[in-house]
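Worksheet for the structure shown next.
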Amino acid sequence: MIVWINGAFGAGKTTTARELIELIPNSTLFDPEVIGGALPYLLPPKHLAEVGDFQDLPMWRRLVIDTAAAMLGELGGTLVVPMTLLRQEYRDEIFGGLAARRVTVRHVLLAPAETILRERIAGREVPPDLPDGEIRTRQWAYDHIEPYRAALGSWLTADAHLVDTGALTPYETAARIAGAVGSGAVPVCDIVQTPEPTSETLAAGVLLFDEQDRVLLVDPTYKAGWEFPGGVVEPGEAPARAGMREVTEETGIVLDDVPRLLVVDWEPPAPPGYGGLRLLFDGGRLDAAVADRLLLPGPELRGWCFATEQEAADLLPPVRYERLRWALRARERGAALYLEAGVPLG
């Protein structure tokens with residue numbers, strides 16, 4: 001398993017993690033900062049200059065997932081990971097990616113009072129060999145207090161085990177975490193993601209519309225970007241039935257009739273993905289009463305909304321939007337379309 005120690009910059013994550021590996025048997029420290037340190041050797045300076053934070057790079061997030069899983073595969077036991085995660089979608093992506101590798105994550109949040117946090121930042125040691133290091137490092141920490149406060153007030157405490165470190169030494173904090181992990185007081189973070197494919201996949205999505213003909217979109221926790229209700233077709237499962245099953249699992253809506261096919265889109269492989277066939281079906285129009293019974297987001301969904309075609313263009317990744325655009329044209333014409341990489345043929 002992984003014990004992920006979250007918290008604002010200056011909360012004491014790294015010092016606590018070093019103490020914690022002495023208290024949890026067969027545990028190892030993995031600091032994702034080493035991934036950030038390696039990126040200047042892997043990416044062009046111009047590319048790095050375009051982002052203000054390594055966490056904004058999909059490559060960084062993927063390398064964190066892959067490295068953590070590889071370390072556990074090599075060493076076993078427990079991995080202690082001290083790293084601030086203030087964006088929910090990044091937390092979901094990383095924890096979900098680990099769940100796909102059957103790695104459980106227990107999420108701990110170090111939460112001293114803001115006054116104590118600011119005192120610690122002010123007194124934080126900064127490597128003397130960094131040009132203007134003291135000013136830049138401290139300012140970086142100060143700048144992230146507001147995003148931390150916003151995350152704390154919204155999603156951050158939903159599944160994290162809080163430890164107020166205001167009056168605790170790093171050793172005392174580590175002892176509390178070790179005790180809470182050992183007793184089961186720190187639950188497994190319930191982020192769901194299906195295992196990553198090892199070959200081409202067949203996936204079925206279902207378009208559902210409200211009385212204004214807006215399409216239902218969902219924001220899954222297990223991948224970036226908005227999507228349609230649906231998922232991977234299981235072996236031996238009919239694609240339309242798979243779409244119906246996924247709609248029920250994700251939204252609580254039970255479709256009585258088998259949906260009509262709108263689009264078959266061949267998605268080419270784009271490493272590390274394998275591509276495959278993507279089918280979109282017309283699930284029909286939901287009356288207001290049914291739409292009002294949509295389930296609140298669960299482990300698989302961060303949110304949902306009804307969107308016009310124009311609004312969907314701002315929410316969906318380009319490939320998915322093209323798939324939707326042509327599915328809407330097929331719905332208008334009453335004839336299914338065959339696409340390759342989002343482009344209609346024939």
Side-chain angles (χ1 to χ4, degrees), residues 96 100 192-210 213-270 272-286 290-291 294-295 297-301 304 306-307 309 312 315-346:
V192 176
Q193 187 178 67
T194 53
E196 290 194 353
T198 57
S199 61
E200 291 185 340
T201 54
L202 173 61
V206 179
L207 301 185
L208 299 167
F209 301 87
D210 68 0
D213 244 14
R214 298 176 301 177
V215 66
L216 177 64
L217 301 180
V218 294
D219 186 11
T221 60
Y222 50 85
K223 61 180 171 181
W226 288 70
E227 181 60 284
F228 326 105
V232 174
V233 179
E234 301 293 340
E237 188 177 28
R241 302 287 179 175
M244 296 170 70
R245 170 181 56 77
E246 290 283 352
V247 165
T248 301
E249 291 176 0
E250 293 183 2
T251 70
I253 295 172
V254 178
L255 298 178
D256 296 324
D257 300 320
V258 176
R260 180 170 59 93
L261 180 66
L262 293 175
V263 154
V264 177
D265 187 13
W266 175 72
E267 185 175 288
Y274 290 88
L277 287 179
R278 309 290 179 251
L279 280 60
L280 279 183
F281 294 89
D282 184 358
R285 186 175 288 114
L286 305 174
V290 174
L294 281 171
L295 292 179
E300 295 191 28
L301 297 182
W304 59 268
F306 285 103
E309 183 175 348
L315 295 173
L316 294 170
V319 171
R320 291 177 209 156
Y321 171 68
E322 285 301 306
R323 198 172 294 148
L324 170 66
R325 188 166 72 89
W326 288 111
L328 294 177
R329 303 293 83 77
R331 183 171 182 255
E332 293 167 355
R333 299 169 186 172
L337 289 172
Y338 170 71
L339 316 178
E340 291 184 359
V343 179
L345 299 177

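- Partners of Arg214 by salt bridge (charged side-chain N to carboxylate O under 4.0 Å, His left out), not counting sequence neighbours, listed by chain and number: Asp210.
- Note that CG of Leu279 is 10.0 Å distant from CG of Leu262, once rounded to the nearest 0.5 Å.
- When all heavy atoms of Pro229 and Val247 are compared, the pair lying nearest together is CB-CG2, 4.0 Å.
- The minimum heavy-atom distance linking Pro239 with Val233 is given by the pair CA-CG2, 3.9 Å.
- Salt bridge status for Arg320 with Glu227: present, with a side-chain N to carboxylate O gap under 4.0 Å.
- Residue pairs meeting the salt bridge (Lys or Arg N to Asp or Glu O under 4.0 Å) criterion with at least one member in residues 332-346, sequence neighbours excluded: Arg329-Glu332.
- Using a 4.5 Å heavy-atom threshold, the side chains of Leu277 and Glu267 count as separate.
- The main-chain N or O of Arg323 is never found under 3.5 Å from a side-chain atom of Asp265 such that the two would form a donor-acceptor pair.
- How far CG of Leu280 is from CG of Leu337: 11.0 Å, rounded to the nearest 0.5 Å.
- Contact between Gly342 and Pro344 at its shortest, heavy atoms only, is O-CD, 3.9 Å.
- Here the CG atom belonging to Leu316 is positioned 12.5 Å from the CZ atom belonging to Arg325, to the nearest 0.5 angstrom.
- Of the inter-residue distances, the one linking Asp219 atom CG with Trp304 atom CH2 reads 13.0 Å to the nearest 0.5 angstrom.
- Looking at every heavy atom in both residues, Leu255 comes nearest to Met244 through O-CE, 3.2 Å.
- Annotation: the span from Tyr321 atom OH to Leu217 atom CG amounts to 11.5 Å, rounded to 0.5 Å.
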Item checked: Full working for side chain to side chain contact (heavy atoms under 4.5 Å, CB included) between Leu324 and Phe228 -> CA-CA 9 Å; Leu324 170 66; Phe228 326 105; 3.8 Å; yes

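- Ion pairing between a basic and an acidic side chain is recognised when a charged N comes within 4.0 Å of a carboxylate O; Asp213 and Arg331 show such pairing.
- Residues passing the side chain to side chain contact (heavy atoms under 4.5 Å, CB included) test with Pro269 are Trp266, sequence neighbours excluded.
- For Arg241, there are no salt bridge (charged side-chain N to carboxylate O under 4.0 Å, His left out) partners two or more places apart in sequence or in a different chain.
- With sequence neighbours excluded, no residue forms a side-chain hydrogen bond (donor to acceptor under 3.5 Å, both in side chains) with Glu234.
- Once rounded to the nearest 0.5 Å, the distance linking CG of Leu339 with CH2 of Trp326 reads 8.0 Å.
- Listed by chain and residue number, Leu261 satisfy the side chain to side chain contact (heavy atoms under 4.5 Å, CB included) test with Ala336 (two or more places apart in sequence, or in another chain).
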Quick one: side chains of residues 199-209, donor-acceptor pairs under 3.5 Å with protein atoms, not counting sequence neighbours, listed by atom name and distance.
from   : atom 1 : to     : atom 2 : distance (Å)
Thr201 : OG1    : Arg278 : NH1    : 3.2
Thr201 : OG1    : Arg278 : NH2    : 3.3

